[in-house]
Amino acid sequence: MTLIVTLFFTIFPILFFLFLRKRERSLTRLPPGSLGIPFIGQSFSLLRAMKVNKAEKWLDQRVEKYGPISKLSLFGSPTVFINGPVANKFIFTADSTMISNQQTASLRMILGDRILHELSGDDHKRVRSALMLFLKPESLKQYIGKMDNEFRNHLQMHWEGKDQVTVLPLMKMLTFNIICSLLFGLERGLEKEKLVNLFQEMINGMWSIPVNLPFTRYNRSLRASTQVKNLVRKLVCQKRLELALNGAPSNQDLITSLLSVRDENNKEAISENEIVHNVMLIMVAGYDTSSIVITFIMRLMASNNTVYKAILQEQEAVRMNKSLEEVLSWDDLAKMKHTWRVALEIMRTIPPIIGGFRKALKDMEYGGYLIPKGWQIFWATHRTHMDNNIFEEPTKFEPSRFENQSSIPPYCYIPFGGGARICPGYEFARIEILVAIHYLVTRYAWELCSTDNSYRRDPMPMPAQGLPVKLIPKKVL
Ligand code: HEM
Ligand SMILES: *[C@@H]1O[C@H](CO)[C@@H](O)[C@H](O)[C@H]1NC(C)=O
Ligand SMILES: *[C@@H]1O[C@H](CO)[C@@H](O)[C@H](O)[C@H]1NC(C)=O
Ligand SMILES: *[C@@H]1O[C@H](CO)[C@@H](O)[C@H](O)[C@H]1NC(C)=O
Ligand SMILES: *[C@@H]1O[C@H](CO)[C@@H](O)[C@H](O)[C@H]1NC(C)=O
């Protein structure tokens, strides 16, 4: 342990500065800004800002101080922060020999090195298209009924007869159940309860500083991740056996779907590590994001009557034509246009993912500055979404902005990223969010218990206290 501590405070800083000295000597200049304390850099400062919902302000202040392009050090790597539509295009359309994806070192260690984020070129295409077989709209259509059932079960178990509920944890539980059911065919039970807790522990360390000492968040998260991986690996073996015995069932789960992809020699085209790591990635990506959007829509509906009435009207019109038992269909979802616009506007004003990282594979120039080989590039949604050249009166909540989606120029609305790595879960998220809002507004009215309208990021946005609400059940016809 003393050895590790010594390493941190002597060897690393020295290497870091030698590395920088070498860079400074090159012809093009580095962007302005300071790299802060070696290794730690501005990580704590950003994480602290997120906790008190000042992350957006933190980024604004950087831009005020240093201009649109600046250097800093985040989560263990020297980083260049760039933003705006031009920067977004530069990042999202870059050749994969110039810029590769890079999540924080913590994320890579926790989920695994074969996650989609870490793959590039042909590997990225191969694994991504295998995932898309499952995530494309034509496949997801057949799962709407399953999601619908999960949702009704959830309401019955956790909402019925309650005077008060806390929305965010319940929505997380719901999306987790949907993921377990659709991804692994894992239904309710003890094994899943165990998985939920491990999983939350794992997620908690994902944006942490990668210091592996026994008391750190990162260390706890790694331990949990090992256990989750073992569980998923067991499921993969089980599904492989089932596949060999029965052939592929028509209603495949994600694991079976990935196991069924074959190369020209009829061997499995996706390796076991690729399956395990990407299943974990999908769990994380699908669990923490849609639940947040649903929660913020709930909060908004309680405080803005215009929004509430418009959504209610649209959803009641859909319900009116159906019997109580009848599940929602693809066509029903297509009718929920206004509800989806509200969701899009929520993701503009409170993007679930505040930004992401890439890695420069070569020295490159951007906006007159050098981005040195090996550095991180940090992109952020917020500065683009709040740009009044793109969105008039950006702080105003206005779902009608999305009435004509082609009026929004490319790389200007980026809650799902863009380019070759644009979020493949868009359709999945859309279905989850629409189904959830449908049942919530047609069965309940609710009032906020707290007047505290703030939220914080950890790194996902969370409303104060997880949004406790008082329920007023409606008569279900
Ligand atoms: C409201 C919900 C969601 C939002 C806002 C969201 C946003 C994003 C963003 C910003 C990225 C990063 C793009 C980049 O780095 O360039 C991403 C990637 C990804 N998302 Fe989502 N996501 C959502 C839901 C989902 C769901 C439900 C799933 C899966 C079922 C999913 C799976 C993924 C995967 C696998 C990637 C990596 C793609 C790649 O590297 O090629 N996401 N998402
Ligand atoms: C957590 O930290 C302890 C002590 O440094 C180490 O022995 C252990 O391997 C770490 N756990 C993981 C999962 O890396
Ligand atoms: C409520 O939402 C509508 C858009 O549907 C918007 O025009 C209005 O400004 C919002 N009200 C408040 C108080 O935010
Ligand atoms: C409900 O059914 C009526 C008559 O079949 C149809 O005109 C109307 O468009 C339907 N509404 C919705 C929202 O499906
Ligand atoms: C939508 O916006 C595009 C681009 O601004 C415009 O060309 C098109 O006419 C608009 N469509 C409608 C129906 O308003």
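Numbering of ligands and ligand atoms starts at 1, following listing order.
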>> Minimum heavy-atom separation for V127 and I270, please, with both atom names.
In response: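 Heavy atoms of V127 and I270 come nearest at CA-CD1, 4.3 Å.
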>> Can you give me the closest heavy-atom contact between S329 and I144, atom names plus distance?
In response: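 Between these two residues, the closest heavy atoms are C-CD1, 4.1 Å.
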Is the contact between [X] and ligand 1 made by the side chain, the backbone, both, or neither, using heavy atoms and a 4.0 Å cut-off?
{"X": "F428", "result": "side chain"}
{"X": "R430", "result": "neither"}
{"X": "A285", "result": "both"}
{"X": "I179", "result": "neither"}

Give the atoms of ligand 3, by number and element, whose distance to some non-hydrogen atom of [X] is under 4.0 Å.
{"X": "K396", "answer": "7 (O), 9 (O)"}
{"X": "E398", "answer": "7 (O)"}
{"X": "V307", "answer": "2 (O), 5 (O)"}

Under 3.5 Å between some N or O of ligand 1 and some N or O of [X]?
{"X": "S290", "result": "no"}
{"X": "W379", "result": "no"}
{"X": "E432", "result": "no"}

Quick check on contacts: which atoms of ligand 1 are under 4.0 angstrom from a heavy atom of [X]?
{"X": "H124", "answer": "39 (C), 40 (O), 41 (O)"}
{"X": "A429", "answer": "2 (C)"}
{"X": "L116", "answer": "38 (C), 39 (C), 40 (O), 41 (O)"}
{"X": "V293", "answer": "1 (C)"}
{"X": "G417", "answer": "10 (C)"}
{"X": "P424", "answer": "19 (C), 20 (N), 33 (C), 34 (C), 35 (C), 36 (C), 38 (C)"}

> Is a donor on one side and an acceptor on the other found under 3.5 Å between the side chain of D123 and the backbone of L119?
Replying inline: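 Not a single qualifying donor-acceptor pair exists.
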> Hey, is the main chain of E403 close enough, under 3.5 Å, to the side chain of S400 for a donor-acceptor pair?
Replying inline: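 No; zero donor-acceptor contacts below 3.5 Å.
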>> Looking at K337 and D332, is any side-chain nitrogen of the basic one under 4.0 Å from a carboxylate oxygen of the acidic one?
In response: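 So D332 does not pair with K337 through a salt bridge.
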>> Taking the basic N atoms (NZ, or NE/NH1/NH2) and the acidic carboxylate oxygens, is any pair closer than 4.0 Å for E316 and K309?
In response: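 Not counted as a salt bridge, because no side-chain N and carboxylate O are separated by less than 4.0 Å.
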How are the rings of [X] and [Y] set relative to one another: parallel (under 30°), tilted (30 to 60°) or perpendicular (over 60°)?
{"X": "F391", "Y": "H385", "value": "perpendicular"}
{"X": "F357", "Y": "F378", "value": "parallel"}
{"X": "F199", "Y": "F176", "value": "tilted"}

> Does some non-hydrogen atom of the protein lie less than 4.0 angstrom from atom 5 (O) of ligand 5?
Replying inline: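 True for atom 5 (O) of ligand 5.
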> Is the shortest distance from atom 2 (O) of ligand 5 to a protein heavy atom below 4.0 Å?
Replying inline: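 There is a protein heavy atom less than 4.0 Å from atom 2 (O) of ligand 5.
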> What part of P399, side chain, backbone, both or neither, has a heavy atom within less than 4.0 angstrom of ligand 3?
Replying inline: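 Within the 4.0 Å criterion, P399 contacts ligand 3 through side-chain atoms alone.
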> Under 4.0 Å from any heavy atom of S406, which atoms of ligand 5 are there?
Replying inline: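 In order of numbering, the contacting atoms are 1 (C), 2 (O), 4 (C).
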> Got the closest protein heavy atom to atom 9 (O) of ligand 5, with its distance?
Replying inline: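 Result: N404 ND2, 4.7 Å.
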Ring centroid separation for [X] and [Y], is it under 6.0 angstrom?
{"X": "Y426", "Y": "W340", "result": "yes"}
{"X": "Y439", "Y": "Y444", "result": "no"}
{"X": "F428", "Y": "Y143", "result": "no"}

> Polar-atom distance check: N304 versus ligand 3, any N or O pair below 3.5 Å?
Replying inline: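 Yes, since at least one N or O of N304 sits under 3.5 Å from an N or O of ligand 3.
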>> Looking at W58, I'd like to know if the NZ or CZ of R457 sits under 6.0 Å from its six-membered ring centre while staying within 45 degrees of the ring's axis.
In response: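 No cation-pi geometry.
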>> Quick check on G356 - does any of its heavy atoms sit under 4.0 Å from an atom of ligand 1?
In response: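 The answer is no, since G356 has no heavy atom less than 4.0 Å from ligand 1.
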> Quick one: does F92 get a heavy atom under 4.0 Å from ligand 1?
Replying inline: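 In this structure, F92 qualifies as a contact of ligand 1 - some heavy atom is under 4.0 Å.
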>> Checking T256 against D253: is there a side-chain donor and acceptor pair closer than 3.5 Å?
In response: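 Side chains of D253 and T256: pair found under 3.5 Å.
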>> Quick check on side-chain contact (heavy atoms from CB on, under 4.5 Å): which of L168, I353, I354 does M460 satisfy it with?
In response: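 Output: one option passes, namely I353.
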> Which option, F357, Y426, F416, owns the non-hydrogen atom nearest atom 4 (C) of ligand 1?
Replying inline: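 Of the listed residues, F416 has the closest heavy atom.
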